[in-house]
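These notes are about the structure you will find just below.
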Amino acid sequence: MQVASIHFKRNATAKLNDENLQQALARLQTRFVGGRAAVIGEIAELEETRTAAAAIRDRVLQNLDQWLSHFEQQATARGATVHWAESGADVNRIVAEIAVRHDVRKAAKSKSMVSEECGLNEALEAQGIEVIETDLGEYILQLAHEAPSHIVAPVVHKNREEISDLFAEKHRLPRKTGISELCREAREILRPQFLAADMGISGANFLIAETGSALIVTNEGNGRLVTTLPRVHVAITGIEKVVPTLEDVSTLLRLLPRSATGQSITNYVSILTGNKGAADHDGPEHFHIILVDNGRSSLLGGEMQPMLRCIRCGACMNHCPVYQNIGGHAYGWVYPGPMGSILTPTFVGLENAPDLPNASTLCGACAAVCPVKIPLPDLLRQLREKQMALGMKPWPERAALKLWSWLALHPAAYALTTKIAVRALFLAGGTEGLLHRLPGASGWTDGRDFPAPQGKTFRERYNRAFRENRHGEKRA
Amino acid sequence: MRVGLFFTCLVDAMRPRIGFATISLLEAAGCEVSVPQTQTCCGQPGYNSGDRKTSQALALKFLTEFEGFDYVVTPSGSCASMIRVHYPKLFQDNPAVLARIAPLSLRTYELTDFLLNIAKLENIPGQFRGSLTYHDSCSGLRDLGVQKQPRALLAKMPGVAIQEMQESTTCCGFGGAFSVKFGDLSARMADNKCTHIEAAGTDAIVGGDLGCLLNIEGRLRRRGNHKTQVLHIAEVLADQEGDA
């Protein structure tokens, strides 16, 4: 996927003024924030479970190479073929090679954000392979030629009216408006595609080292069809998704759906192990698993390593007041919200996404809900420190910081400067006590007044009161 | 007990009365209050902008100014969090400083947390009468667990009726430099907050962090609301008469 994060600021402004989007985003609060709040308490020992989940993920990351080798051995022993992809281009090449080997004309896909990193659909289509997205949200986006705006609810930015229009135009059927009618229409169109597909492509929420399995968590059932009906199944996922045991996965699964969609458990949890055996009635004849690096290993051993704990639940973006107001597209790459503001600069380069680490108030709502306790605000701050160290901050900001830091370290100069500035602002505030415009701070005053100061600083008033007090004592 | 007041750079410049209200509350709670005159800023603006060096220098300055007190109290959740939670992180690689700054961090409190849990203030001197809604500022809430404390203190005031707003724990959009850098986004977040405040329909919106309050006040007034009072919790709790 092309990186457009450099335009974050401009895009965010546009999204603030997009009425359809704003209507659609209003649902985040009830559906996702309210949804999580309603069920997360079912985990009686929530804090301990989050700590345990973080520890499971950390344990893997400390010896990631060994767990991956273990996974490869177990998966291979059960008949799967494991591939290693260093980059997105490698993923596309490997899938294309598998497709050629098995004479694949049509591929049915269930949701995979890693494939978005690679631009897999376009690459396969360029090879003459037809690709059909079968997750309802992803299918809608494929029809609309749009990218997902959320990692769990990819089409959250669209309202029902827009989807009705889109279906009527693309399906050339009478326009429907009811949700169940729209779903039925999509299902009727997709069902034959599963049967006709030569290859199924999925992601994997987890890879289980002890059994060599890929596990997917879905709600629509398309994931099951994609991974069992076609002759060939290709599962594509990041190298960090491996966990040691089924027991470990069960801990993570207590947190994942509750954090993601406010469900105690999703409709389907599929554990895919090996290919179709002689005694099996169904399952793919060929099972390929592609382990994707694409920048992930560069986080190992560094200060960003905790980000690799991420289990892609989306709770951080659901609870982020910035995401809630602009949606996911403004972030300009595959991953939006707080986790995206860390992954995007890390994967595609800080210079290509300079606004993202700064596009946060560091309110901490993300870290408070993260099921694997990723310290997201700390990581954002570390990226800001890196920008500072690399001289990537714009000069007015650097100059302002320099001046502030010098003054803050020189109390006498600080007291004098604030005294003068406060006096000036007080006078500018007039009788109303409000400044409607403030040179150099139009970012503030375009949308807000600036309440004027009281006129004298606390320091001045306190010193005067203190002196008067002392004189009073002397007189008495 | 000897308490050092860290009055914060925003109170210094914008709302000195919050500083005096804080002093009178601490004195009402039986504390001996000192105000070190060389204090400036806790370093948070630099810390959150990626300027770790300056925030370290300001942390050391704070250490020399406040190390001698039994407690340090500040009328701000975000400054208290900077000192309590983040100062020790700044000196992870410097055990000599860490050994001094970690205990000082733990003796540093946000005002309402201190009044309720340490000084155990029973009689609230404030005379405020009317309804109010409380905005939970982010750092105080999520870093320090300040949520029940201000409400418990307000509940001791017979003239006060608390009416909770929707999403009182959602960020108001201030975020320091964020409010200028991403002005329209920040103003939208403030606007959402104002909508919830107006829906609560109270006489006042009260909070514990001046940055948030200036942001909220600025947006309320721009929306044409000149009626809802915007007050710091210290102003409500303290007896304001005769203050500077």
Side-chain angles (χ1 to χ4, degrees), chain A residues 9 12-13 16 29 321-322 325-326 355 358-365 367-368 378 381 383-389 393 397 401 404-405 407-409 411 414-415 418 421-422 425 434 436 441-451 453-454 456-466, chain B residues 7 9 11-20 35 37-41 43 45-52 54 57-58 61 89 138-139 141-143 167 169-171 173-192 214-215 217-219 221-222 230 244:
Chain A
K9 233 172 157 165
T13 300
L16 286 172
Q29 194 67 33
V322 172
N325 281 292
I326 60 171
D355 284 332
N358 300 293
S360 160
T361 61
L362 303 179
C363 80
D378 287 345
R381 207 182 276 110
L383 287 174
R384 295 178 188 187
E385 284 177 11
K386 203 166 161 192
Q387 286 180 315
M388 182 65 87
K393 294 256 182 186
E397 188 184 341
L401 267 171
W404 163 82
S405 94
L407 286 171
L409 288 165
Y414 183 90
T418 46
V422 157
L425 286 170
L434 293 172
H436 305 300
S442 60
W444 179 290
T445 50
D446 282 351
R448 281 156 294 197
D449 290 333
F450 187 75
Q454 267 181 267
K456 281 186 181 150
T457 64
F458 174 80
R459 207 184 305 269
E460 288 177 82
R461 287 166 195 255
Y462 180 83
N463 284 335
R464 198 190 56 198
F466 191 70
Chain B
F7 50 76
C9 55
V11 165
D12 182 34
M14 304 297 294
R15 293 287 178 271
R17 60 173 174 260
I18 297 169
F20 288 102
V35 187
Q37 287 300 300
T38 54
Q39 62 178 291
T40 53
C41 169
Y47 184 56
N48 287 344
S49 299
D51 184 357
R52 198 179 173 86
T54 302
L58 286 168
K61 178 173 169 296
K89 289 194 217 164
C138 300
S139 308
L141 173 72
R142 283 180 270 269
D143 288 346
E167 291 187 46
T169 60
T170 299
C171 178
F174 174 61
F178 175 88
S179 62
V180 178
K181 258 194 233 172
F182 300 94
D184 49 2
L185 186 48
S186 169
R188 177 64 58 84
M189 289 159 71
D191 195 57
N192 297 339
L214 292 170
N215 184 38
E217 184 175 355
R219 183 60 205 165
R221 303 301 176 243
R222 181 62 62 89
V230 181

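Chain A is the first sequence line, chain B the second, and so forth, proteins listed ahead of strands; every chain is numbered from 1. Side chains are part of it too, since the values below use all heavy atoms of this structure and drop only hydrogens, waters and symmetry mates.
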Considering all heavy atoms, the nearest B:Ala13-A:Pro453 contact
O-CB, 3.2 Å

Region of A:Lys393 that comes under 4.5 Å of a non-hydrogen atom in chain B
side chain

Check whether any side-chain N or O of A:Gln387 sits under 3.5 Å from a backbone N or O of B:Gly50 as a donor-acceptor pair, and report yes or no.
no

Report the residue from A:Arg384, A:Glu397, A:Glu385 that forms a side chain to side chain contact (heavy atoms under 4.5 Å, CB included) with B:Ser49.
A:Glu397

Between B:Arg221 and A:Arg448, does a side chain to side chain contact (heavy atoms under 4.5 Å, CB included) hold up when you go through it step by step?
CA-CA 8 Å; B:Arg221 303 301 176 243; A:Arg448 281 156 294 197; over 6 Å; no

Can you tell me how far the CG atom of B:Asp12 sits from the OG1 atom of A:Thr418, to the nearest 0.5 Å?
5.0 Å

Expected output: side-chain A:Arg459 to main-chain B:Gln39 donor-acceptor under 3.5 Å:
yes

For A:Val322 and B:Phe182: C-alpha separation, side-chain torsions, deciding distance, then whether side chain to side chain contact (heavy atoms under 4.5 Å, CB included) applies.
CA-CA 10 Å; A:Val322 172; B:Phe182 300 94; over 6 Å; no

Tightest non-hydrogen contact, residues A:Trp444 and B:Leu214, listed as CZ2-O, 3.6 Å

Output the distance between atom CG (A:Leu434) and atom CD (B:Glu217), rounded to the nearest 0.5 Å.
6.5 Å

What closest approach, in Å, do A:Leu409 and B:Ala57 show between heavy atoms, and which atom pair accounts for it?
CD2-CB, 3.8 Å

Can you give me the closest heavy-atom contact between A:Ile326 and B:Leu185, atom names plus distance?
CG2-CD1, 3.6 Å

